[in-house]
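FYI, side chains are in, hydrogens and waters are out, and symmetry mates aren't considered; it's all heavy atoms of this structure. Each residue takes its place number in the sequence, starting with 1. As the structure is a prediction and not an experimental result, all values here were calculated from the model.
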Amino acid sequence: IVPAACFHESTPISVNDTLIPISYILPGDVIGDNIRVTSTIKILRPKNQKMIRYKGIIMTNEHRIHKGNLCIETECIPGAEKIDIEPDFLYCLNTDTKRIPIFDEEFTDWDDLDKREIKLLQNVCKLNHIHDFHERFTTGFHPDTTIKMVNNEEKCIKDIECGEYTANGEQIVGIVL
């Protein structure tokens, strides 16, 4: 697994002017200034993953933050401190603007695109606005799709949890809603 750029489960996200932990955010929720959540991601934290705190927000050290025209890993920002915390799970979001506002900061969403990459994507894919990206390109499996799990048990994909194993011995490291 490559290190993840995600947040601690208690990270506060503004929904209708109420702060809600990121672990409770669902697709379709509107966060910040009219930003629609297109998917929520829950993953097992890689064991070597470092965590930091910046302005009270706990996240992985690789999560990027928009600073002017730059997109910088949060561990490189003055005021970010490494902390000794090892949560079992990490959370992230995909949004229709490719950004996650938290307090007065703007973080990249799961796709981790900077402003230059977003503009390039809009031009290459002929998108009028980045909001159109998920409408055209986000796909997935039907929730009732079955996966053969350990002991040859068949499970609907909607019922699979992080940490379980498939019949082939592959561990489920993340789920997307």
If you round to the nearest 0.5 Å, how far is [atom2] of [Y] from [atom1] of [X]?
X	Y	atom1	atom2	answer
Ile35	Ile13	CD1	CD1	10.0 Å
Lys50	Met59	NZ	CE	15.5 Å
Ile22	Cys92	CD1	SG	6.0 Å
Thr166	Ile147	OG1	CD1	8.5 Å
Asn151	Glu154	CG	CD	13.0 Å
Leu113	Arg64	CG	CZ	8.0 Å

Does one hydrophobic cluster hold both [X] and [Y], with members joined at side-chain heavy-atom distances below 4.5 Å?
X	Y	answer
Leu26	Ile100	no
Ile172	Leu90	no
Val15	Phe103	yes
Ile57	Leu19	yes
Ile175	Ile41	no

Taking the side chain as C-beta and beyond, is there a heavy-atom pair between [X] and [Y] under 4.5 Å?
X	Y	value
Ile52	Ile58	no
Thr108	Lys98	no
Val37	Val30	no
Pro46	Leu44	no

Within the distance-only criterion (no hydrogens, no angle test), does the side chain of [X] pair as donor or acceptor with the backbone N or O of [Y] below 3.5 angstrom?
X	Y	result
Thr74	His63	yes
Arg45	Pro87	yes
Ser14	Ile31	no
Thr95	Arg36	no
Lys115	Gly68	yes
Asp114	Arg116	yes

| Salt-bridge criterion met for Asp109 and Arg99 (N-O under 4.0 Å) |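 A salt bridge is absent here (no side-chain N lies under 4.0 Å from a carboxylate O).
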| said: Quick test of your reading of the model: are Lys155 and Glu164 salt-bridged, counting only N-O distances below 4.0 Å? | reply: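 Answer for the salt bridge query: yes.
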Closest heavy-atom pair and its distance - [X], [Y]:
X	Y	result
Glu117	Asp112	OE1-O, 3.8 Å
Ile157	Pro143	CG2-O, 3.3 Å
Gly174	Cys162	CA-SG, 3.8 Å
Ile65	Ile77	CG2-CD1, 2.8 Å
Ser39	Pro27	CA-CG, 4.1 Å

| query | Would Tyr54 and Glu105 count as a side chain to side chain contact (heavy atoms under 4.5 Å, CB included) if you check the C-alpha gap in whole Å, the side-chain angles of each, and the deciding distance to 0.1 Å? | reply | CA-CA 10 Å; Tyr54 176 67; Glu105 300 292 348; 3.4 Å; yes
| query | When you look at Gln49 and Glu62, which way does the side chain to side chain contact (heavy atoms under 4.5 Å, CB included) test go after all the steps? | reply | CA-CA 9 Å; Gln49 183 66 64; Glu62 292 92 2; 2.8 Å; yes
| query | So is Lys42 actually on top of Phe89's ring, under 6.0 Å and inside 45° of the axis? | reply |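 Yes, a cation-pi geometry holds between Lys42 and Phe89.
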Could you check whether atom [atom1] of [X] has more than 12 heavy atoms from other residues, nucleotides or ligands sitting under 6.0 Å from it?
X	atom1	value
Lys82	NZ	no
Asn16	CG	no
Asp33	CG	no

| Taking only residues at least two apart or on different chains, which pairs with a member in residues 17-31 satisfy side chain to side chain donor-acceptor pair (under 3.5 Å)? |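 Checked against side chain to side chain donor-acceptor pair (under 3.5 Å) - neighbours excluded - no pair reaches residues 17-31.
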| Can you list the steps and then say if Ile43 with Val173 is a side chain to side chain contact (heavy atoms under 4.5 Å, CB included)? | CA-CA 6 Å; Ile43 66 165; Val173 296; 5.8 Å; no
| message | Quick one, Asn61 with Glu73, criterion side chain to side chain contact (heavy atoms under 4.5 Å, CB included). Give me CA distance, side-chain angles, the key distance, then yes/no. | response | CA-CA 7 Å; Asn61 59 314; Glu73 288 183 354; 5.9 Å; no
